[in-house]
Peer 1: 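Encoded as structure tokens, here's the structure I'll be asking about.
All of these numbers come straight from a predicted model, not from anything done at the bench. Within every chain, numbering begins at 1; the chains are lettered A, B, ... in the order of the sequence lines, protein sequences first and strands thereafter.
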Number of protein chains: 2
Amino acid sequence: MKKLDRIDRHLLALLQQDARLTSHELAERVGLSPSPCARRIRRLEQQRLIQRYRAELDRERLGLGMTVFVHVKLSRHQDALVEAFEAAVADMPEVIECHTVSGAFDYLLQIVSADLKGYERWVRQLQTLPMVNTVDSSFAIRAVKRAGALDLRDARPSDDES
Amino acid sequence: MKKLDRIDRHLLALLQQDARLTSHELAERVGLSPSPCARRIRRLEQQRLIQRYRAELDRERLGLGMTVFVHVKLSRHQDALVEAFEAAVADMPEVIECHTVSGAFDYLLQIVSADLKGYERWVRQLQTLPMVNTVDSSFAIRAVKRAGALDLRDARPSDDES
DNA sequence: ACCCATATTGGCAGACCATGCCAATATTTT
DNA sequence: AAAATATTGGCATGGTCTGCCAATATGGGT
């Protein structure tokens, strides 16, 4: 697999900020002509370094201004229960993000809902899962930085298949 | 401001998953013809319900597989210091997300770096800020769900200006 | 129930952008 | 230095978007 050069990194950085830039605009900014520029982008897509393109919506304007970070501990850690928990969580549309984490808790989740009522509905639903032990809610008061772009300075593609 | 109808919600949901769908493809899926479809999308953009379009990169493949959740407490909460902290954090490219939160800590941050060494560099940098009291790191072991789409069932646009 | 005002729709023409090839240039290897 | 390889830049083609039009659907008022 090829190493990323300065231009590839530049393209990724630009597309991270605005996926609607045309090949011509991108070409100007990185100092290339549109053709090789489009080609490099196609390669980045095929290498899956670019996963997908998506529209980013405004939560506040959509009336989905409530963000909650939830720490969860399970009571039993048998494989089947862990998998059931993760599958259930992945299927809940209110769950924007979920990671297993080190430390005092097993999972950290980010929940988005319209209001407290919606959040309570979700928590109730979560509590019905039998392997859930503790649920610790921390409400987001204000977003200082949201959906920041990845810092590509240290990025080096791992050699996977195509 | 107009209320969102079923088609608007459907369009937002589709574009959240794939911003590269053409007007024609979108039109088919929502049961409309391309023209009004494109028009509705333009309106959603002008209303800023669609904030922007961005390319989503693959952290693992880029060699940026380390995600850390960091709880921060400040020692002094004078306005100037709080603002200085937030400005500093917003300017750090390793910081993907930062929220003020309720509970035992003041801030919850998501950090992405290539490896532990990169993370340590960032923590050191953070510790140089004089108003920082405690820094509590929780390493992400595995992502169960990442960048989930917003659930639009309860979405109702807040009446802002255009 | 009717009619009018408004908003939305569907299709078409022109401009824009992306894709696939070509020869030409730069880079690397032997 | 010479050959092989990879990358570049430009052009023609095809697809997509944009701005208008008349036609249809929607909603309000009498």
Peer 1: Write down the distance between CG (B:D8) and C1' (C:dT9), rounded to a whole number of angstrom.
Peer 2: 14 Å

Peer 1: Looking at C:dT19, C:dG10, D:dT7, which one has an atom nearest to any side-chain atom of A:R42?
Peer 2: C:dT19

Peer 1: Taking A:L74 as the fixed residue, which of A:L129, A:L81, A:D106 is the one that meets the side chain to side chain contact (heavy atoms under 4.5 Å, CB included) rule?
Peer 2: A:D106

Peer 1: Between B:I7 (CD1) and C:dA7 (P), how many Å, whole number?
Peer 2: 18 Å

Peer 1: Measure CZ/A:R40 against P/D:dA6 and give the value in whole Å, please.
Peer 2: 15 Å

Peer 1: Let's see if you can work this out: which of C:dC17, C:dG10, D:dT8 has an atom nearest to the side-chain heavy atoms of A:T22?
Peer 2: C:dC17

Peer 1: I need the single residue from A:K73, A:E86, A:H71 that forms a side chain to side chain donor-acceptor pair (under 3.5 Å) with A:Y107. Which is it?
Peer 2: A:E86

Peer 1: Without decimals, in angstroms, what is the distance between A:L44 CG and D:dT7 P?
Peer 2: 12 Å

Peer 1: Which listed nucleotide (C:dG10, D:dG10, D:dT7) is nearest to the side chain of A:S33?
Peer 2: D:dG10

Peer 1: Establish, yes or no, whether a centroid distance under 6.0 Å links the rings of B:F69 and B:F139.
Peer 2: no

Peer 1: Nearest-Å distance, CG (B:D5) to P (C:dT8)?
Peer 2: 9 Å

Peer 1: Nearest of D:dG9, D:dC17, C:dG10 to any side-chain atom of B:P36?
Peer 2: C:dG10

Peer 1: Could you state the atom-to-atom distance from CD1 of B:I41 to C1' of D:dT18 in whole Å?
Peer 2: 13 Å

Peer 1: Tell me, with the steps shown, if B:E120 and B:R124 meet salt bridge (charged side-chain N to carboxylate O under 4.0 Å, His left out).
Peer 2: CA-CA 6 Å; B:E120 193 200 359; B:R124 280 240 166 82; 3.1 Å; yes

Peer 1: Spell out yes or no: do the side chain of A:S35 and the base of D:dG10 have one donor N/O and one acceptor N/O closer than 3.5 Å?
Peer 2: yes

Peer 1: Is any side-chain heavy atom of B:L44 less than 4.5 Å from a side-chain heavy atom of B:L12?
Peer 2: yes

Peer 1: Output the rounded distance in Å from CD (A:E45) to P (C:dT19).
Peer 2: 8 Å

Peer 1: Under 4.0 Å from OP1 or OP2 of C:dT8: is there any side-chain N or O of B:R43 that close?
Peer 2: yes

Peer 1: What integer distance in Å separates A:R39:CZ from C:dT25:C1'?
Peer 2: 14 Å

